[in-house]
Amino acid sequence: MSGFAPDHVGADVRVSPNFGPRRDGMVPDALVLHYTGMKTGAGAESWLCDPQSEVSAHYLVHEDGRIVQMVRESDRAWHAGQGSWGGLSDVNSFSIGIEIVNPGHFLGYPDFPESQIAAVIALCRDICVRHSIAPERVLAHSDVAPGRKIDPGEKFPWAVLAVSGVGHFVAPAENIDGPELAEGMAGREVEELQSMLALYGYGVEISGTYDGSTRIVVEAFQRHFRPACINGIADAATIETLRRLLAALPDGLGSRP
Ligand SMILES: [Zn+2]
């Protein structure tokens, strides 16, 4: 394929060969945000279009705000890999993926420039309107692949996006007294925490035991929703933030697709 008309008006097109059909004719109803984790935007753009890489995204947003579309929205890009949300795996089949140029945690992790975030907001708004994607289904890669991925990371300005109507976010709770739940503990409160995380969409087993995988999911939750402290310990502020998020959902409960 030599090219296609961009789905997002104003995007440049550079076709990636790394895509296929969405499974069972699924349509996108979630948005997954990533960072590139490479030294330069140009390098990331080439990598995502290189047949050898076997990865891609629908869009790449450069630091200066330039947007490149690589895969048509109707097709299945290869951005999310193994993971799940709301009990469904094959995230690539039900999502649109946006790669945001940033070298990431292992290369200095600079702040995301304002011009880039403005472009991300405009792109997300356009996609969410055209596909009727609910705010609570604008996700971090780390949300759908906890433990395996940490992008776009705790510096990503979710609160700024939310002010513009992109994503679901509440002011994180702070300085609340209460019991802490941590790895090694078990019981009803752990089970409640796991139930709330699963209700929100995270892939966590409701076992009543705070095991290593529960800690990893709590870390992913903190990275997105309570970035002041990412330690995998469900302190009172973490639990309260999760409660507020669930209460703020349209149905007041959870986001089952
Ligand atoms: Zn990613």
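Numbers for residues simply follow the sequence, beginning at 1. Indexing begins at 1, ligand by ligand and atom by atom, following the structure's order. Heavy atoms only: backbone and side chains are in, while hydrogens, waters and symmetry mates are out.
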Give a yes or no on whether a salt bridge exists between D7 and R72, defined as a side-chain N under 4.0 angstrom from a carboxylate O. no

On the 0 to 90° scale, with breaks at 30° and 60°, tag the H224-W158 ring pair as parallel, tilted or perpendicular. parallel

Is a side-chain donor or acceptor of R244 paired with a backbone partner of A247 at a separation under 3.5 angstrom? no

Identified side chain to side chain donor-acceptor pair (under 3.5 Å) partner of E73 from the options R130, H58, R22: R130

Tell me whether the rings of Y35 and H105 are parallel (<30°), tilted (30 to 60°) or perpendicular (>60°). tilted

Should the heavy atoms of other residues, nucleotides or ligands under 6.0 Å from CD of Q82 be counted, would the total exceed 12? no

Counting no waters, how many protein N/O/S atoms sit under 2.8 Å from the Zn ion (ligand 1)? 3

